Amino acid sequence: MRLSTMLVMLTFLGLVYVSLYSLSYYSRTIGEKEECLRNSYNAKKFIAESFKQTCDGSGFRDFEEWQLTCKSLFKLEYIAWCEAEDFMIDENYDGNNNLMYGTWIGQGLTKDCSGEVFYRKNRRSVE
């Protein structure tokens with residue numbers, strides 16, 4: 001082989017190597033971000049839905065159990081609940097159904113799962 005042919009071939013192989021390395025690096029990075037977002041979405045969904053079920057009395061036994069379980073399950077930095085009337089005016093309060101509020105802050109791998117939820121239990125009279 002000639003020297004010029006060898007240089008062109010080495011340059012081409014070098015470009016192919018750099019391209020494949022970049023492709024694998026960015027594929028891995030995107031995969032990690034996708035996994036983090038999926039975990040955050042699942043955490044938000046579980047925490048919000050379990051809060052609503054606990055308000056209805058069909059989820060956890062009480063809000064303290066909800067708080068402790070979610071905090072340990074998703075390694076949250078902070079999680080709390082209260083009645084919304086403690087910090088805001090509820091113009092739709094009719095004396096029967098309180099507006100409940102839950103909030104949480106994620107950390108580490110679930111730092112993007114921070115959120116809050118409001119829920120008003122519909123109390124229907126049972127006859």
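Below, all heavy atoms of this structure are taken into account, side chains as well, without hydrogens, waters or symmetry copies. Computed from a prediction, not measured in an experiment: that's the story for all the values here.
Side-chain contact between M100 and T54 is absent, with no heavy-atom pair separated by less than 4.5 Å. In this structure, the side chains of I79 and L68 stay at 4.5 Å or more apart for every pair of heavy atoms. At a threshold of 4.5 Å between non-hydrogen side-chain atoms, the residues Y78 and S114 do not count as touching. Contact check for Y25 versus L23: no side-chain heavy atoms found under the 4.5 Å cut-off. In this structure the side chain of Q67 never reaches within 4.5 angstrom of the side chain of F60, judged on heavy atoms.
A side-chain donor-acceptor contact under 3.5 Å links S24 to the backbone of Y21.
Between C113 and L76 the shortest heavy-atom distance is SG-CD2, 3.7 Å.
Residue-environment remark: OH (Y26) stays at or below the threshold of 12 foreign heavy atoms within 6.0 Å. Around atom CD1 of I89, no more than 12 heavy atoms belonging to other residues, nucleotides or ligands sit under 6.0 Å away. Environment of CE in M88: crowded, with over 12 heavy atoms of neighbouring residues, nucleotides or ligands closer than 6.0 Å.
Note: I30 CD1 to L37 CG = 11.5 Å, rounded to the nearest 0.5 Å. Taking CG from N39 and CD from E34, the interatomic distance works out to 8.5 Å, rounded to the nearest 0.5 Å. In this structure, the separation between OH on Y41 and CG on D112 is 15.0 Å, given to the nearest 0.5 Å. Rounded to the nearest 0.5 angstrom, N98 CG and C82 SG are separated by 11.0 Å. Taking OG1 of T11 as the start and CE of M9 as the end, the distance is 11.0 Å to the nearest 0.5 Å. Separating the OH atom in Y119 from the CD atom in Q53 is a distance of 9.0 Å, to the nearest 0.5 Å.
With salt bridges taken as basic N to acidic carboxylate O contacts below 4.0 Å, none links R38 and E35.
For F12, the side-chain contact (heavy atoms from CB on, under 4.5 Å) partners two or more places apart in sequence, or in a different chain, are V16.
Under a hydrophobic-cluster definition in which Ile, Leu, Val, Met, Phe, Trp and Tyr are linked whenever side-chain heavy atoms come within less than 4.5 Å, directly or via other members, W66 and I105 are assigned to different clusters. In the hydrophobic cluster analysis, where Ile, Leu, Val, Met, Phe, Trp and Tyr join through side-chain heavy atoms closer than 4.5 angstrom, L73 is grouped together with W81.
Residues Y101 and D86 bring no donor and acceptor atom of their side chains to less than 3.5 Å of each other.
The list of salt bridge (Lys or Arg N to Asp or Glu O under 4.0 Å) pairs with a residue in residues 62-83, not counting sequence neighbours, reads R61-E65.
Close placement of the F63 and F51 rings is indicated, their centers lying within 6.0 Å of each other.
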